[in-house]
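Single-structure report; data block below.
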Amino acid sequence: MDFREEAAAIEGELIALRRELHQIPEIGLDLPKTQAAVLAALEGLPLEITLGESSTAVTAVLRGGKPGPAVLLRGDMDALPVTEENPAEWVSKHVGTMHACGHDLHTAGLVGAAKLLSAHQAELAGDVVFMFQPGEEGWDGAGHMIAEGVLEAAGRKVDAAYGLHVISDTVPRGVFTTKPGPMMAASSGLFVNVIGKGGHGSRPNTTLDPIPVAAEIITALQALVTRRFNVWDPIVITVGTFNAGTRHNIIPDNAKFAATVRTFSEEALAQVEKESVKLAEDIATAHGLTADVRFEREYPATVNNADEAAFVAETAKDLFGEDRYVEMPDPVMGSEDFSRVLEAVPGSYMFYGATVKEDPADAASNHSPRAAFDDSVLADGAALLAELAVRRMKRG
């Protein structure tokens, strides 16, 4: 099997599919147009297809001609609430929605892997599960698919799982990168509602002003990070929203803010969950106010199995050359619900450079309205996924 050559032969149709998907971005767990496009692209392949019940997920199983392990390959399909600012002819037709994170490439690449592997069905020593997942961007689509049995879709639990994520900046075009152990952070949400007593802005002494108290809590959270946590087990707390008041001369009854919390270890997560809630409540109490505080765990950390990460690196270098793989020096604070898959089965996630710039530092980042991805990387991405499945099945 020469997947590089075979992938190059279908590159045009993969690019066409990606650009079709790019024009019809959909958000969350309900992606009917995207699901229809995926099903049309898979039509005629020897796949057992199951549709999601709580989402528009697509699970496709390819039964190999010989017995062997089951391997899962994943591609997420959802977009973001971003208005695109790119000049291409095939920009988003849905105003306010954009494939700003490259999931259209992930979906097209997984279709490519399905086509490549289906052409060699009789030779495969095992089964392949293709996980077309909605709702990665904050909707826990992986959790929904796991609950509905994607990991057992082949009739038994998959032996290994792999996925890749394109990057519009920081990684050179065509370069694969991953690392053993923690690769991406766990994400949680901290939601604080400071409750006071409103009144006229000219008489603050007759009120319990929640705004300066909420601001003090926000500042104290940054001190909490630097003074209560081990620098070698880092955490990040970023306040993303702050809402209070209706006019400049009215002190409101309450002030609300929400923050994202990123951690790598369970120890740090448990500590920040306890201490951030206590800090907010205690500061509010010190000023004679109250704080309603909620801490929600969202996604766990994305942790690659060390052997599987080494296998990904070895396969990428063998297939494309030493210069096409670079080990990640450090994990990143972004989060990813493929972490749920990697909690359940050994596997590895990887990043793949798809920048349109010669120097990735000049490119807009993922999630930007100007994020752009070079779809010439699609064929090699599909080839690597297919190669990983075949080699992992041969390993037994």
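Atom CG of Leu31 and atom CD of Gln133 lie 10.0 Å apart (nearest 0.5 Å). Atom OG1 of Thr302 sits about 7.5 Å away from atom CE of Met183, to the nearest 0.5 Å.
With hydrogens and angles disregarded, a donor-acceptor distance shorter than 3.5 Å links the side chain of Glu26 to the backbone of Thr34. Panel note: side chain Asp253, backbone Gly198; a donor-acceptor pair is recorded below 3.5 Å. A distance-only check finds a donor-acceptor pair linking the side chain of Thr177 to the backbone of Val326 [under 3.5 Å]. With Asp78 contributing its side chain and Ile27 its backbone, the two residues share no donor-acceptor pair below 3.5 Å. Between the Asn254 side chain and the Asn193 main chain, no donor and acceptor come within less than 3.5 Å of each other. Distance alone, capped at 3.5 Å, is enough to place a donor-acceptor pair between the Glu84 side chain and the Ser92 backbone. Between the side chain of Asn366 and the backbone N or O of Val166 there is at least one donor-acceptor pair closer than 3.5 Å. Between the Lys179 side chain and the Pro182 main chain, a donor and an acceptor come within less than 3.5 Å of each other. Although no hydrogens or angles enter the test, the distance criterion places no donor-acceptor pair under 3.5 Å between the side chain of Asn249 and the main chain of Gly201. No donor-acceptor pair closer than 3.5 Å links the side chain of Thr263 to the backbone N or O of Ala268.
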> Please walk me through it: do Asp140 and Arg340 pass side-chain contact (heavy atoms from CB on, under 4.5 Å)?
Replying inline: CA-CA 9 Å; Asp140 198 11; Arg340 298 207 186 280; 2.7 Å; yes
>> Under the criterion salt bridge (Lys or Arg N to Asp or Glu O under 4.0 Å), I'd like the reasoning laid out for Arg4 against Glu387: C-alpha separation, chi angles, the key distance, then a yes or no.
In response: CA-CA 9 Å; Arg4 286 196 69 181; Glu387 189 74 22; over 6 Å; no
>> With salt bridge (Lys or Arg N to Asp or Glu O under 4.0 Å) as the criterion, how do Glu336 and Arg74 come out once you've worked through the C-alpha distance, each side chain's angles and the decisive distance to 0.1 Å?
In response: CA-CA 12 Å; Glu336 163 63 61; Arg74 181 267 210 160; 2.5 Å; yes
>> Determine whether Phe3 and Leu319 satisfy the following criterion, side-chain contact (heavy atoms from CB on, under 4.5 Å), listing intermediate values before the conclusion.
In response: CA-CA 9 Å; Phe3 286 132; Leu319 195 60; 5.6 Å; no
>> Between Glu267 and Asn230, is the side-chain hydrogen bond (donor to acceptor under 3.5 Å, both in side chains) condition met? List the steps.
In response: CA-CA 11 Å; Glu267 293 75 17; Asn230 186 341; over 6 Å; no
> Could you walk me through whether Leu29 and Ser54 pass the side-chain contact (heavy atoms from CB on, under 4.5 Å) check?
Replying inline: CA-CA 8 Å; Leu29 297 169; Ser54 61; 6.0 Å; no
>> I'd like to know whether Met184 forms a side-chain contact (heavy atoms from CB on, under 4.5 Å) with Phe351, so could you lay out the CA-CA distance, the side-chain angles of the two residues, the decisive distance to 0.1 Å, and finally the verdict.
In response: CA-CA 11 Å; Met184 301 179 74; Phe351 291 141; 3.9 Å; yes
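The nearest pair of heavy atoms linking Arg173 to Ser376 is CD-OG, 4.4 Å. Of all non-hydrogen atoms in Ala79 and Met98, the two that sit nearest each other are CB-O, 3.2 Å. In plain terms, the two heavy atoms of Ala244 and Ala255 that are nearest each other are CB-CB, 3.7 Å. Between Glu281 and Ala291, the closest heavy-atom pair is CG-O, 4.0 Å. When all heavy atoms of Val129 and Ala153 are compared, the closest pair comes out as CG1-CB, 4.2 Å. The shortest non-hydrogen separation linking Ala386 to Leu117 is O-CD2, 3.7 Å.
When side chains are defined from C-beta on, Phe338 counts as touching Leu342, because their heavy atoms get closer than 4.5 Å. Between Leu378 and Glu11, the closest side-chain pair of non-hydrogen atoms is not below 4.5 Å. By the 4.5 Å heavy-atom criterion applied to side chains, Phe264 and Met333 are counted as neighbours. Leu269 places a side-chain heavy atom less than 4.5 Å from the side chain of Ser188. When side chains are defined from C-beta on, Ile237 counts as touching Val272, because their heavy atoms get closer than 4.5 Å. No side-chain heavy atom of Leu42 sits less than 4.5 Å from a side-chain heavy atom of Phe130. Contact check for Ile251 versus Ile211: no side-chain heavy atoms found under the 4.5 Å cut-off. Put simply, the side chain of Thr246 does not reach to within 4.5 Å of the side chain of Pro252, judged on heavy atoms.
In the hydrophobic cluster analysis, where Ile, Leu, Val, Met, Phe, Trp and Tyr join through side-chain heavy atoms closer than 4.5 angstrom, Leu279 is grouped apart from Ile195. The same ILVMFWY cluster, assembled from side-chain heavy atoms under 4.5 Å apart, contains both Ile10 and Leu73. Hydrophobic cluster membership differs between Val356 and Val377, with clusters built from Ile, Leu, Val, Met, Phe, Trp and Tyr side chains linked at under 4.5 angstrom. A chain of hydrophobic side-chain contacts below 4.5 Å, direct or via other Ile, Leu, Val, Met, Phe, Trp or Tyr residues, connects Val390 to Leu164. In the hydrophobic cluster analysis, where Ile, Leu, Val, Met, Phe, Trp and Tyr join through side-chain heavy atoms closer than 4.5 angstrom, Phe311 is grouped together with Phe320.
The aromatic rings of His99 and His103 sit tilted, their planes meeting at an angle between 30° and 60°.
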Only distances under 3.5 Å count here; give the side-chain donor-acceptor pairs of residues 59-68 to other protein atoms, sequence neighbours excluded, each with its distance to 0.1 Å.
from: Arg63; atom 1: NE; to: Glu48; atom 2: OE1; distance (Å): 3.3
from: Arg63; atom 1: NE; to: Glu48; atom 2: OE2; distance (Å): 3.0
from: Arg63; atom 1: NH1; to: Asp127; atom 2: OD2; distance (Å): 3.2
from: Arg63; atom 1: NH1; to: Ala154; atom 2: O; distance (Å): 2.6
from: Arg63; atom 1: NH2; to: Glu48; atom 2: OE1; distance (Å): 3.2

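A side-chain donor from one of Glu298 and Ser187 sits under 3.5 Å from a side-chain acceptor of the other. Judged by distance alone, the side chains of Thr207 and Asp209 never bring a donor and an acceptor atom under 3.5 Å apart. Between Ser55 and His144, the side chains place no donor N or O within less than 3.5 Å of an acceptor N or O (distance only, hydrogens not considered). With hydrogens and angles left out, the side-chain atoms of Thr56 and Asp30 include no donor and acceptor closer than 3.5 Å.
Between Arg392 and Glu308, at least one side-chain nitrogen of the basic residue sits less than 4.0 Å from a carboxylate oxygen of the acidic one, meeting the salt-bridge criterion. With salt bridges taken as basic N to acidic carboxylate O contacts below 4.0 Å, one links Asp318 and Arg391. Between Glu89 and Arg19 there is no salt bridge, since none of the side-chain N atoms of the basic residue sits less than 4.0 Å from a carboxylate O of the acidic one.
Residues Phe373 and His106 place their aromatic rings such that the two centres sit no closer than 6.0 Å. A ring-centre distance under 6.0 Å is found for Tyr352 and Phe176.
No more than 12 heavy atoms of other residues, nucleotides or ligands shown are found within 6.0 angstrom of CZ on Arg228.
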